[in-house]
There are 2 protein chains.
Amino acid sequence: MSVATVSHVVNGSRRVSPEVKARVLKAIAALKYRRDGIARSLRMSQTRTIGLMISDISNPFFADFVRGIEDAVHARDPNYNLILCNSEEQEDKERRLFDVVLEKRVDGIVIVPAGGNRDYLNDLIGTGLPVVFADRFLPGLDADAVIVDNRDASFRLVTHLVRLGHRRIAALNAHLAATSIRERIEGYRDALEAAGIPFDERLVVTSRSRIEDAVVAGSEVLDLRPAPTAAFCTNNFMTLGLIRALSDRGLRCPEDMAVIGFDDFPWASTFRPRLTVVSQPSYALGQEAANLLFDRLLKKRTGPPVRLTLGTSLIIRESCGAHARVPA
Amino acid sequence: MSVATVSHVVNGSRRVSPEVKARVLKAIAALKYRRDGIARSLRMSQTRTIGLMISDISNPFFADFVRGIEDAVHARDPNYNLILCNSEEQEDKERRLFDVVLEKRVDGIVIVPAGGNRDYLNDLIGTGLPVVFADRFLPGLDADAVIVDNRDASFRLVTHLVRLGHRRIAALNAHLAATSIRERIEGYRDALEAAGIPFDERLVVTSRSRIEDAVVAGSEVLDLRPAPTAAFCTNNFMTLGLIRALSDRGLRCPEDMAVIGFDDFPWASTFRPRLTVVSQPSYALGQEAANLLFDRLLKKRTGPPVRLTLGTSLIIRESCGAHARVPA
DNA sequence: TTGTAAGCGTTATCAA
DNA sequence: TTGATAACGCTTACAA
């Protein structure tokens with residue numbers, strides 16, 4: 001029989017007489033034939049593969065996020081796969097990864113942008129390849145995006161601290177080129193301003209976004225004089241670093257310093273200090289990103305870029321010193 | 001100029017006169033030409049893509065493991081990418097994922113096997129596709145593997161508990177089809193036996209390998225009568241679940257129950273209770289797996305399967321109740 | 001109901 | 001130093 005016939009029985013794309021079909025199926029089983037997806041992709045110009053550019057899969061925020069994407073993608077079409085890329089927030093690494101993953105002709109790409117590569121990304125979007133920004137976006141780039149209101153979330157979080165009576169509140173600022181962290185610092189400033197507390201630049205300590213660096217930055221926070229009574233951590237590495245710095249000095253949280261952080265952890269409610277945080281819907285961010293991407297992919301939506309903002313939740317536990325109710 | 005010429009300047013695969021080369025390069029830039037990796041893969045029967053089957057990327061053990069693979073792969077050849085698959089320990093899901101990822105003609109595959117699909121995997125290995133098992137292996141399957149000595153690690157961990165005087169030691173057993181967990185339980189039995197403590201089946205409580213399930217299993221452990229004074233958790237979900245169960249009841253660790261766990265966490269030394277664990281070299285497991293795979297890929301090694309066993313380390317902190325030295 | 005053949009964009013062989 | 005062309009394995013329009 002002909003290759004066409006085989007193709008049709010494999011894909012069920014046209015009627016094939018039962019006997020021929022049976023023969024084909026038998027041959028397939030006997031030869032352990034497996035359709036060559038590469039040839040298929042070449043012919044159909046569709047790889048059923050999606051690129052995924054995040055900063056670091058060992059950050060639990062991104063691990064959850066990736067699961068959200070994967071689950072949503074499989075819900076739409078189980079034949080799709082994800083190619084994972086960790087930029088580690090480095091523009092040059094991000095770019096090199098883009099180059100290799102684009103050569104593989106992914107059908108679309110979800111990007112948590114490191115912050116640079118603007119022209120590169122602009123060109124990329126210009127090619128018509130479906131692109132969705134997630135968690136952060138680059139102003140001026142015309143692509144779909146799913147984000148959270150970082151400024152508002154931080155405002156609520158820091159305001160909580162203010163209401164507890166804190167006036168000297170340090171900020172541990174992760175050094176990232178993307179917008180999100182800047183917005184968090186703005187939310188911090190807003191909260192101070194709303195409370196009539198003057199913003200003091202010396203209270204914001206900047207660190208590379210890794211635990212080890214955050215530990216030393218946390219230590220700097222503890223050396224500030226007059227000592228702050230509380231600190232706001234702009235992402236989960238900062239939180240981990242600060243708590244470690246406290247712990248290393250034998251200081252206690254919240255007694256010696258109240259701590260609040262951006263981003264939750266799955267175990268944050270069971271280990272001590274129980275962290276008071278604002279939690280991003282990491283899994284849902286992934287799901288929504290995947291859905292935006294698929295809508296573009298299938299041309300179910302063709303208009304101008306959409307920007308989706310998901311809600312955050314303030315989770316008050318104990319590290320802030322509010323011994324109010326402790327949610328699970 | 002001809003396609004051949006273009007191909008050769010792109011790949012530097014033969015001498016091209018400077019002027020022609022310049023023209024080609026200019027055209028490439030002008031047209032934003034990007035080589036089609038799919039066509040290339042078809043021609044060269046090589047995709048520069050590696051499949052990766054793990055159980056769940058939100059488990060920090062696997063997140064680290066994946067980073068180890070990625071880093072080692074990029075060290076060997078930065079043009080390679082990883083396709084990530086989360087089997088969630090479900091045989092059928094694992095199999096479906098294999099089917100789609102194999103159709104994409106990955107050059108090799110690193111597998112943390114869920115435990116089933118033996119015949120399927122056997123056939124797969126039979127095709128000659130480079131396969132490396134990691135973290136676990138399936139006895140009888142002839143492929144390279146990187147593992148740790150689970151039995152020995154558990155033995156040392158539980159023995160530590162025994163030396164502290166515990167005689168009634170429960171075990172929280174993650175229900176997984178793979179060998180690793182069984183070996184851990186064996187190590188537990190070995191340690192008991194070596195101490196002359198009779199093994200009591202009622203003290204091993206089995207749970208699905210997810211935090212939520214582990215919480216209820218942990219609760220069952222706490223209901224055991226006479227109450228165990230200590231518990232051994234066979235993986236990090238079990239540990240998390242048990243600590244949560246303790247915390248939910250207002251019980252304290254190690255005062256009310258000593259806890260030891262298999263697998264470390266990056267934050268385990270900074271939050272309380274500080275966990276005493278045996279730590280697997282997750283990152284190194286990934287690296288070694290990637291290197292074994294690449295050696296096969298490049299035919300640098302062609303003999304019989306290799307089995308690599310990496311060392312584990314016992315990290316004594318506080319959850320075991322040994323207020324000895326507390327390592328960072 | 002089935003078969004033939006073009007064409008997807010490369011690489012590689014062979015010829016010029 | 002360069003070019004023409006076959007082949008990779010599939011899908012699909014068209015023919016039988």
B:Q46 CD to C:dT10 P, in whole Å, measures 16 Å
Not counting sequence neighbours, which residues clear side chain to side chain contact (heavy atoms under 4.5 Å, CB included) with B:R67? List them please.
A:D56, A:I57, A:S58, A:N86, A:E88, A:K93, B:E70, B:D71, B:Y283
Can you check nucleotides 8-10 of chain D for protein contacts, nitrogen or oxygen pairs under 3.5 Å, and list what you find?
| from | atom 1 | to | atom 2 | distance (Å) |
| --- | --- | --- | --- | --- |
| D:dG9 | N2 | A:A39 | O | 3.4 |
| D:dC10 | OP1 | A:Y33 | OH | 2.6 |
| D:dC10 | OP1 | A:D36 | N | 3.0 |

Side-chain N,O (A:S2) to OP1/OP2 (C:dT4) below 4.0 Å
no
Under 3.5 Å, is there an N or O donor on one side and an acceptor on the other linking the side chain of A:R14 and the base of C:dT1?
no
Tell me whether A:S209 contacts the main-chain N or O of A:A174 through its side chain, where contact means a donor paired with an acceptor under 3.5 Å.
no
Atom pair distance, as rounded to whole Å: CE in B:M1 and C1' in D:dT5:
19 Å
For A:F137, does the six-membered ring have the charged nitrogen or CZ of A:R307 within the cation-pi criterion, i.e. under 6.0 angstrom from the centroid and within 45° of the normal?
yes
Checking A:D36 side chain against A:A39 main chain: does a donor-acceptor pair fall under 3.5 Å?
yes
How long is the line joining NE2 of B:H8 and P of C:dC14, in whole Å?
13 Å
Between B:R40 and B:N11, is there a side-chain heavy-atom distance shorter than 4.5 Å?
yes
Is A:T47 reaching over with its side chain to a backbone N or O of A:S41, donor-acceptor style, under 3.5 angstrom?
no
